[in-house]
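Each remark here refers to the structure printed beneath this line.
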Amino acid sequence: MTGMLASVANLAEARLVAAAGVDIIDLKDPARGVLGALALPTVADLVAALGGRHRLSATLGDLAMDPARVIPAARAMAATGVAYVKIGFFPGGDWPGVIAGLAPLAAEGARLVAVLFGDRAPELGWIPPLAAAGFVGAMLDTADKGAGSLPQVCPGEFLSAFVAAVRRQGLLSGLAGSLRSEDLDPLLALDPDYLGFRGALCGGNRTGAIQPEAVRALVARIKGEGQAPARVAR
Ligand SMILES: O=C[C@H](O)COP(=O)(O)O
């Protein structure tokens, strides 16, 4: 059963999606980028308010792939107590150095999720090194939010191969990227562990306010009635 991740920018939005039954509440500042980060004290406050009852993730920001930037940022975000730290793997820079530098943090128990970008020629060959470094999940998102939804910018065969490759390594698989309701059926057929949303929750404008009815409609489509609980408890 596929779960649902919803990106939220503040406590009111987090409470709204939590009440609707979203599985992962993703703390993010969409106005600051694809993986725009909220301030650490804000994340810590949200964890204190909701973390006991809900599964929270948080993004690090759109950081260049420089170990000297990414590793301290991931360590500081993990220290907020958030369940998952989402780390963007943007084109260029030192991917091996970032992955190797994060392994000790993973070994200490931080649950790291790699975000690869479906519109930036992602390679499945990175999944085994991520697993070996102790990442617990890998997801696909889109870097260009104006270019279309993930299935519009990334072939279905690749999405299917991605989910299979991530699962083979025992990691959580996630798909996101300007997803619209018409994208759901083909993506649910791939059986990822979760689908992630921001823009669709806000009527298409990801920096706008979340619309409660849009959240409820997506939860109903993804989770349905009488379905088994989502597999996002890793
Ligand atoms: O992690 C999920 C993202 O926040 C998805 O955002 P988006 O639907 O605006 O691409």
Side-chain angles (χ1 to χ4, degrees), residues 2-10 13-14 16-18 20 22-38 42-43 46 54-63 74 77 82-90 111-120 122 135-154 159 162-163 166 171-184 186-188 190 192-211 213-219 221-222 230 232:
T2 296
M4 177 171 164
L5 173 149
S7 297
V8 303
N10 54 48
E13 289 188 349
L16 194 161
V17 303
V22 158
D23 300 288
I24 301 177
I25 302 173
D26 182 45
L27 309 177
K28 169 185 289 183
D29 184 350
R32 299 186 68 191
V34 176
L35 299 180
L38 290 171
T42 304
V43 174
L46 287 162
H54 300 283
R55 193 162 290 268
L56 306 184
S57 63
T59 52
L60 284 195
D62 296 355
L63 302 181
M77 191 57 83
V82 75
Y84 300 109
V85 178
K86 287 171 58 184
I87 299 157
F89 280 76
F90 293 91
R111 295 202 289 270
L112 307 179
V113 174
V115 182
L116 307 181
F117 294 100
D119 54 347
R120 294 292 182 269
F135 278 68
V136 301
M139 66 180 290
L140 279 179
D141 198 336
T142 54
D144 181 353
K145 295 300 178 186
S149 70
L150 181 69
Q152 291 178 305
V153 300
C154 203
L159 300 180
F162 178 85
V163 171
V166 172
L171 308 190
L172 286 173
S173 58
L175 299 176
S178 302
L179 300 183
R180 312 152 302 164
S181 58
E182 57 264 47
D183 296 317
L184 294 188
L187 294 185
L188 288 169
L190 302 179
D193 290 301
Y194 60 90
L195 295 178
F197 302 88
R198 173 68 196 184
L201 308 177
C202 311
N205 171 19
R206 68 195 308 273
T207 57
I210 289 185
Q211 300 171 357
E213 191 43 53
V215 180
R216 283 194 287 270
L218 281 170
V219 170
R221 284 284 305 280
I222 292 172
V232 289

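Keep in mind that what you see is a predicted model, and the values were worked out from it rather than measured. When a ligand or atom number is given, it counts from 1 through the structure's own listing order. Below, all heavy atoms of this structure are taken into account, side chains as well, without hydrogens, waters or symmetry copies.
When only non-hydrogen protein atoms are considered, atom 5 (C) of ligand 1 lies nearest to R198 N, 3.7 Å. Closest protein heavy atom to atom 2 (C) of ligand 1: S7 OG, 3.6 Å. Of the protein's non-hydrogen atoms, K28 NZ, 3.2 Å is the one closest to atom 3 (C) of ligand 1. Nearest protein heavy-atom contact of atom 1 (O) of ligand 1 is K86 NZ, 3.0 Å.
Heavy-atom contacts of G199 reach the following atoms of ligand 1: 7 (P), 8 (O), 9 (O) (cutoff under 4.0 Å). Of all the atoms in ligand 1, the ones that sit under 4.0 Å from a non-hydrogen atom of G177 are 10 (O). Residue D26 has at least one heavy-atom neighbour below 4.0 Å for each of these atoms of ligand 1: 1 (O). Here is the list of ligand 1 atoms found below 4.0 Å of a heavy atom in A176: 2 (C). Within the listing of ligand 1, atoms 7 (P), 8 (O), 10 (O) sit less than 4.0 angstrom from a heavy atom of S178.
The backbone N or O of P30 sits nowhere less than 3.5 Å from a side-chain atom of T207 that would complete a donor-acceptor pair. Checking side-chain atoms of D62 against main-chain N and O of L35 turns up a donor-acceptor pair under 3.5 Å. In this structure, D119 contributes its side chain and V153 its backbone to no donor-acceptor pair below 3.5 Å. When atom types are taken as modelled, the side chain of R206 and the backbone of R198 share no donor-acceptor pair closer than 3.5 angstrom.
Crowding of R180 atom CZ: a count of heavy atoms from other residues, nucleotides or ligands under 6.0 Å exceeding 12.
Within the model, atoms OG of S149 and CG of L179 stand 6.5 Å from one another, a figure rounded to the nearest 0.5 Å.
If you look at R206 next to ligand 1, the close heavy atoms, those under 4.0 Å, all belong to the side chain. Heavy atoms of L5 found under 4.0 angstrom from ligand 1 belong exclusively to the side chain.
Considering backbone and side-chain N/O of M139, none are found under 3.5 Å from N/O of ligand 1. In terms of N/O distances under 3.5 Å, ligand 1 is not approached by T142.
Residues passing the ring-ring contact (aromatic ring centres under 6.0 Å, His included) test with F117 are F90, sequence neighbours excluded. Judged as a salt bridge (Lys or Arg N to Asp or Glu O under 4.0 Å), and not counting sequence neighbours, D29 has no contacts.
Of all heavy-atom pairs spanning A200 and L218, the tightest one is CB-CD1, 4.0 Å.
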